[in-house]
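Values below: all heavy atoms of this structure, side chains included; hydrogens, waters and symmetry mates excluded.
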Amino acid sequence: MATRSPWPRPLSLPCCCLLLLALGGPGFFQSHAVEVDVKDLSNNTCIYAKWMMSFLIKYETNNSEYKNATLNPSTNVTHDGSTCGNNTHAPLLAIQFGAGHSWSINFTKTNETYQGNIISFTYNTSDAVFKDAKTKGPITIVVKDTMPPVQLNTVYKCHHLDSIEVANVSLFFWDVILQAFVQNGTVSKNDSTCEADKSTVAPTTVANLTTAPITTASSPLPTTTSKPVEKPLIGNYSLKDGDKICLLATMGLQLNVSQEKPVLININPKTTNVTGSCGNTSATLRLNDSNRRLIDFTFAVKNTSANTQRFYLKEVNITLISSINGSEPLNAGNNNLSIWDTFLGSSYMCQKEQTVLVTEDLQVHTFDLRIQPFRVQNNKYSKAEDCSPDVDNFIVPITVGAALGGLVALVLMAYFVSHKKHRNAGYQQF
């Protein structure tokens, strides 16, 4: 992660909350840290929180394409609506930022523990970051928080990156320090560390990675090993529309990242979550490997003649949440592709390794690929159109070589026959 800047002096803010911000360096996840101290009417702290957060949102454009937008809390954050709660309302931690975006979480407790309950996030697609958005205005999602119960009078700490996915939104949290239901207005000195931070192994091991496991900013930098990268495992992925499969994909995936040092990352299908969307003319397959690597494949349909339609891979977007070799997180895409071109109603297959160029510094290698994003029948692949590069590449040279060889043989035969006749004619003159 990006290096965090020293904290500024506390800001004197009105109402019953104290909010502080620290800004870090550039990168996909800007280091916008938020610290909130919610106080009651007696000026006693009831909720204390300091955390890092970011949002990745997939939205539809006026051209029926899908793009990604990222939101990070910035300097214009407010805290209206945060409250300590009462007998009828639960304690609430709420912030507002940017052009009409807001996030909040409320808390519940038992006699022994407390925990987050409901998270609400509103994003405004009228913001300039949602370029050419088809739908304009605020959109709200509500999701159950995944925070485990924490003992009362204990501070919850978790440096590990965690995420929640709902609809087309991914919420990311890390470097969390939190205590709800603070007793006597004093933040506790007792800590409760999340399970992910307790592991002696760096969070989320990447299968077949050339470096040590990707880590968060709080963990030591990875060290390079000389172990060769193996061919990635082949994953089988599918999307459903109701009870019917509408998209099928089988492939091994490997990312080739050339930042400070070239790194090969194999996507592990055993730790990969599948989401996306199906449609008549556009479909998206999103693969999320361990909340660290997100890959979006967007397919489209084109008319090649009056009665002929074909599908193709139009766009690839990749987000690498954690840093690689100490570099910044990465978000890159290519929306100008025209590959894996196949008749609509068929599947595309290519067993040899292929490379999809995303940027000069980022490529995707596919292995044993088969894909059908449209018109899946009976939950099975339709007849495949094979890329057949090996067949095409070898048949043409062999055919040409055979023809040339035959021509040479005919010329030589004609020469020897003609030469023999001339010699025989010479002998008859003596």
Distance only, no hydrogens: is a donor on one side chain within 3.5 Å (strictly under) of an acceptor on the other, for [X] and [Y]?
X      : Y      : value
Thr61  : Asn63  : no
Asp175 : His159 : yes
Asn317 : Glu315 : yes
Gln96  : Thr78  : yes

Sequence neighbours excluded - salt bridge (Lys or Arg N to Asp or Glu O under 4.0 Å) pairs with any residue from residues 103-130: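 Those involving residues 103-130 do not exist here.
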
Using atom types as modelled and distance alone, determine if a side-chain donor or acceptor of [X] lies under 3.5 Å from a backbone N or O of [Y].
X      : Y      : result
Ser126 : Gly137 : yes
Arg286 : Gly276 : no
Tyr381 : Ala249 : yes
Thr250 : Asn236 : no
Asn124 : Ala99  : yes
Thr113 : Thr110 : no

Among all residues two or more places apart in sequence or in another chain, which pass the side-chain hydrogen bond (donor to acceptor under 3.5 Å, both in side chains) test with Gln372?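 Applying side-chain hydrogen bond (donor to acceptor under 3.5 Å, both in side chains) to Gln372 gives Ser382.
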
Who are the side-chain hydrogen bond (donor to acceptor under 3.5 Å, both in side chains) partners of Asn62, not counting sequence neighbours?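 Asn62: side-chain hydrogen bond (donor to acceptor under 3.5 Å, both in side chains) contacts with Asp132.
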
For the NZ atom on Lys131, are there more than 12 heavy atoms of other groups (residues, nucleotides or ligands in this structure) within a distance under 6.0 Å? no

Between Tyr59 and Tyr66, does the ring centroid distance fall short of 6.0 Å?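 No; Tyr66 has its ring centre 6.0 Å or more from that of Tyr59.
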
Side chain proximity check, Leu294 to Leu287, heavy atoms < 4.5 angstrom: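 SC-SC contact between Leu294 and Leu287 ruled out.
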
Gln254 and Asn266: side-chain hydrogen bond (donor to acceptor under 3.5 Å, both in side chains), yes or no, with the steps? CA-CA 4 Å; Gln254 184 181 83; Asn266 284 350; 2.8 Å; yes

